Amino acid sequence: MDTDKYRDCFIELGLNIKFYRNKKGLTQEQLADAVHLSKQQISRIESPNTMNSTTLQTLYLIADELDVSIHQLIKSNK
């Protein structure tokens, strides 16, 4: 997979997760506990400086916990 091609998509995904997590008033640790991930995994997903893909199952779990649709997490704000 050409990860450079999707770099902006991964960055936006992480920023959107961070936005909705903060909007709900959750820390990274609280979100991680709720979706059975480590705080470090949430941190890596949210970080705009790293390329970190995640599974669709994880995205569904995160979206459910944040009370948003997956579409809201992956949508572009451009």
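The figures here come from the full heavy-atom set of this structure, side chains too, leaving out hydrogens, waters and symmetry mates. If you're wondering where the values come from, they're calculated on a predicted model, not measured in any experiment.
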**OP:** Might you point out which heavy atoms bring T55 and T58 nearest each other, and give the distance in Å?
**Re:** OG1-OG1, 2.8 Å
Subject >> Nearest heavy atoms of N16 and L73, plus distance in Å >> reply: ND2-O, 2.9 Å
**OP:** With I17 as reference, evaluate L31, V68, I74, T54 under the side-chain contact (heavy atoms from CB on, under 4.5 Å) test and give the passing residue.
**Re:** L31
Original post:
Just by modelled atom types, is the T27 backbone N or O under 3.5 Å from a matching donor or acceptor in the Q30 side chain?
Top reply: yes
**OP:** Please answer whether the main-chain N or O of S69 pairs with a side-chain N or O of Q72 as donor and acceptor at a distance below 3.5 Å.
**Re:** yes
Subject >> I70/L56 under side-chain contact (heavy atoms from CB on, under 4.5 Å): CA gap, chis, key distance, verdict >> reply: CA-CA 9 Å; I70 286 182; L56 189 56; 4.1 Å; yes
Original post:
Between R21 and E65, is there a salt bridge with N-O shorter than 4.0 Å?
Top reply: no
Original post:
CD/Q28 to CD/Q41 distance, rounded to the nearest 0.5 angstrom?
Top reply: 12.0 Å
Original post:
With hydrophobic residues grouped by side-chain heavy-atom distances under 4.5 Å, do I45 and F10 end up in a single group?
Top reply: no
Original post:
How long is the span from the CG atom in L26 to the CD atom in E29, to the nearest 0.5 Å?
Top reply: 11.5 Å
Original post:
Roughly how far, to the nearest 0.5 Å, is the NZ atom of K18 from the OG atom of S47?
Top reply: 8.5 Å
Subject >> Student check: side-chain heavy atoms of L61 and L37 closer than 4.5 Å >> reply: no
Original post:
When clusters are formed by joining ILVMFWY residues with side-chain heavy atoms under 4.5 Å apart, either directly or through shared neighbours, do I42 and I11 land in the same one?
Top reply: no
Original post:
What pairs with F19 under side chain to side chain contact (heavy atoms under 4.5 Å, CB included), at least two apart in sequence or on another chain?
Top reply: K23
